[in-house]
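A quick write-up on the structure given underneath.
Here is the naming used below: chain letters follow the sequence lines, and residue numbers restart at 1 for every chain. What you see is a predicted model; the values in this text were computed from it and never measured.
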Amino acid sequence: MPDFKTSPGTRDILAPHSARWRAFQEVFAKTVESAGYNYIIPPMFEDLDVFLRLGEATEVVTKEMYDFHDKGGRHVALRPEQTASVCRAFVEHRPVTPWKVWYSGPNFRYEKPQQGRYRQFDQVGIEALGVDDAFLDAEVIALASMFYSALGLNHVELSINTLGDGGDREAYSNLLAKYFSKHESSLTAESKATLTRNPLRVLDSKREPDQEIIAGAPAIRESISKQSADHFAAVLSALDALNISYKINDRLVRGLDYYRRTTFEFVSTALDAAHTAIGGGGRYDGLVEALGGPATSGIGFALGLDRTLLACDAEGVFAAPQTDVDVFVVDTVDGTHAHDLCHQLRANGFSADRAYDLRSIKAQMKSADRSGARVALIIGSDEVANSTIMLRPMGSGEQYVVSRKDIFNELKKVLK
RNA sequence: GUGGGCGUAGCUCAGUUGGUUAGAGCGCCAGGUUGUGGUCCUGGAGGCCGGGGGUUCGAGACCCCUCGUCCACCCCA
């Protein structure tokens, strides 16, 4: 057994999976950059206070933060998500609005790991600040939907809800608190605990005994302002205009405290594990203000890399891309010919690998096979004497002699 | 944080009611084939049986603790 392993909830992403991750990020970048979103790279840690603004009923902040004191005595925390950082960056740099950015990178939450849930986990996402227009809500959702399609996913469902503005949300929360308190004796112990922290989140309970009471709970739409209701209706009709199907779920309450008005979630119906939510987002109109900036509306989403890739596995789509080299050079003379030729191949736009330690031709051919290269170039004493190279297309069982000076042209033909 | 399953070779896993030097398949290395991989044959390397303590003449197996991992809850991506 090795002396060291990765820390709990972390892991090494090795090939070929690592290539898939990179491809995932590239597909995402292409999708959102087509809509004018610019790449932002916020730091991975911030002053703890930045994240505390996410709200004291947000467990991500209260229970799961990776925080520590640095050598300068600052109390900092690894980011549990990136929306807060983006809003902090907005306040710090005051860019012209609308400010549309996208990000990709790891977040950290101190949780008990299980499938689809890690302590270091990657998300990609977008944030758009400074615009209140319902068309923006629909654009943001449409981009997520486009991205899923680009990956090849077909079994992703969109749930959508509105939580009303800040005042509506609070009024609704109080209403729910009253309702659930009345039925407290029938609730599970877990839900009772949730009730004292954040009544909205009781709606999220998956426990069977709670379901009946949740079903009878008042819906947000009964206590929502006209303005919020109009906004929501506008978002829905903008989605309809793009033929994006959705399910209105008036029990959809998301875990982060800052959500206002439009909230949405993407669920993979191809997954049957506990974690079928592969992405989610919504409006967070008060967050910039909470971070000391001007009142600024904002909306965005975050998609989990792992869970989305699990969904891809379940649907059998988006395989890892090929990263094999074009050519494998076998040198049975002394290794210098492979050394020179590989270098020249790479300089001329071919990818090339070789064997080391002057092993037997058999061993080198085995390495060539394993490398996945489409062509083996073999150099032995005959080839050196005649300034030629033996070119062997792997898998063909055939090979032929090529003059050393013609090798690049010949490879271009063979590899095209 | 709570509950349960599982930790044996690089990987996937056998290992009988506790009984000598712990096995298989795959992978890896070498040879069969002094210039040839992907098939085949032969051989080889590689294990503090997750760690610590205990029971026993004797523990990979049983007990306790601990760490890791998986699953569910919680929470969320």
**OP:** Output the single nucleotide from B/A72, B/C29, B/A77 whose closest atom is nearest the side chain of A/Gln114.
**Re:** B/A72

Original post:
Nearest to the side chain of A/Ser360, which nucleotide is it out of B/G35, B/A77, B/G31?
Top reply: B/G31

Subject >> Among A/Glu139, A/Glu33, A/Glu127, side chain to side chain donor-acceptor pair (under 3.5 Å) partner for A/Lys100 >> reply: A/Glu139

Subject >> Separation of the C1' atoms in B/U20 and B/G58, to the nearest angstrom >> reply: 11 Å

Original post:
P atom, B/C63 versus B/G5: distance in rounded Å?
Top reply: 12 Å

**OP:** Classify the side-chain pair A/Thr262/A/Asp137 by whether it contains a donor and acceptor separated by less than 3.5 Å.
**Re:** yes

Subject >> Side-chain N,O (A/Arg370) to OP1/OP2 (B/G27) below 4.0 Å >> reply: no

Original post:
So does A/Asp357 pair up with A/Arg359, basic N to acidic O under 4.0 Å?
Top reply: no

Subject >> Residue A/Met390, side-chain heavy atoms: nucleotide from B/G37, B/G35, B/C29 that is nearest >> reply: B/G35

Subject >> Among B/G37, B/A77, B/C71, the nucleotide that comes nearest once only the side chain of A/Lys112 is considered >> reply: B/C71

**OP:** Rounded to the nearest angstrom, tell me the gap between atom NZ in A/Lys366 and atom C1' in B/A30.
**Re:** 9 Å

Subject >> Presence of donor-acceptor pair under 3.5 Å, side chain of A/Gln364 and base of B/U36 >> reply: no

Subject >> Which nucleotide in B/G37, B/C71, B/G68 has an atom nearest any side-chain atom of A/Pro8 >> reply: B/G68

**OP:** Cation-pi check, A/Arg119 to A/Tyr110: give yes when NZ or CZ is under 6.0 Å from the six-membered ring centre and within 45° of the ring axis, no otherwise.
**Re:** yes

Original post:
Any side-chain N or O of A/Arg117 less than 4.0 Å from the OP1 or OP2 oxygen of B/C71?
Top reply: no

Original post:
Distance check: side-chain N/O of A/Arg11 vs OP1/OP2 of B/U69, anything under 4.0 Å?
Top reply: no

